[in-house]
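Residue numbers count from 1 along this sequence. In listed order, ligands and their atoms are each counted from 1. These figures come from a predicted structure and were not determined experimentally.
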Amino acid sequence: MPGIFDTPVSRRNFLATSAALTGSLLLPKAGAFADDKSAEPARIALLSDTHIPATVENNGYRGFVPADNLQEVVKQVLESPAHAAILNGDAARLEGFRDDYVTLKKLLQPLAEKLPIHIGLGNHDDRGNFFKEFSQQPDSKELVQGKHVSLFSLGGTRFVVLDSLLYVNKVAGLLGKSQRDWLEKFLGDDDQSPVVFFVHHTLGDNDGDLLDVDRLFKLLAPHKKVKAIFVGHAHIYQFDKREHIHLINLPAIGYNFSDAQPIGWMSGAFTPQGAELTLHTIGGNKDKDGEVTKLDWA
Ligand SMILES: [Zn+2]
């Protein structure tokens with residue numbers, strides 16, 4: 001499973017700290033929770049659009065300093081009961097420089113010691129540079145050639161992080177045929193446990209959205225097991241629905257584009273029946289801080 005940043009303390013004891021930074025997968029499988037209705041929900045820290053520059057002192061935007069914001073979010077996630085974290089793209093400031101990822105890794109290190117972090121790619125990431133810092137597991141199989149797709153199961157829910165990075169530092173995104181073909185196969189299997197997707201790009205019909213959004217929904221709509229899609233990109237906090245699928249826009253961590261929007265993250269508690277999502281604001285519009293939204297997987 002490529003691009004997972006995870007340096008559990010138990011394993012760190014046996015490794016030099018620097019050597020432990022290559023990341024690996026140590027995540028309980030669904031079986032640890034599966035089929036037990038009283039089981040603990042899968043608690044996932046939902047992060048997006050960190051926009052971390054190589055040099056943390058500069059590159060503020062609209063008065064926000066993305067590195068400071070991420071540091072605060074890391075602190076909050078560490079105090080939360082999260083089992084895993086997902087960062088839904090635009091991890092790097094603008095152009096996905098290798099040094100952006102060096103800095104990102106330093107900022108995420110305290111969290112990676114506690115839980116696995118699945119990092120998706122956005123239009124301000126560079127796939128090649130990303131993998132220079134967040135190396136692939138030697139034994140991992142690339143699920144979709146040339147794309148960074150990762151998935152895991154927890155508490156009876158399957159979490160799939162897709163890759164919509166088309167061009168670095170240009171707005172539009174695309175899953176592409178090979179990823180859509182993989183998706184079709186993935187959804188065609190017998191496993192009926194709920195699936196939630198993470199894709200960086202927004203799902204509208206503007207030129208800067210996910211360009212193959214209609215082809216994606218054509219694939220997803222027939223499958224009742226597909227419950228939700230989380231996006232980032234717009235730096236807004238928003239809920240919507242298309243067909244039977246819940247759509248959640250995660251707020252940005254780095255900065256907002258408008259004063260009306262919060263800056264922060266969401267925590268999610270997922271069960272096979274639904275999800276409970278809580279907004280945690282650290283800046284911008286804090287009016288909805290602590291807001292809880294319950295989604296039923298009807
Ligand atoms: Zn962004």
**Asked** F270 ring centre to R43 NZ or CZ under 6.0 Å, with the angle to the axis within 45°?
**Response** no
**Item:** F130 and H148 aromatic centres sub-6.0 Å
**Value:** yes
**Sidechain N-carboxylate O distance under 4.0 Å for D163, R127** = yes
**Message:** What do you get for the angle at the Zn ion (ligand 1) between OD2 on D49 and NE2 on H51, to the nearest 10 degrees?
**Reply:** 110°
**Request:** Would you mind naming the N, O or S atom of D90 nearest to the Zn ion (ligand 1)?
**Result:** OD2
**Asked** So, is H200 placed with an N/O/S atom under 2.8 Å from the Zn ion (ligand 1), counting both backbone and side chain?
**Response** no
**Message:** Using a distance threshold of 2.8 Å, state whether an N, O or S atom of H233 lies below it from the Zn ion (ligand 1).
**Reply:** no
**Request:** Take the angle between the ring planes of F186 and F197 and call it parallel below 30°, perpendicular above 60°, tilted in between.
**Result:** perpendicular
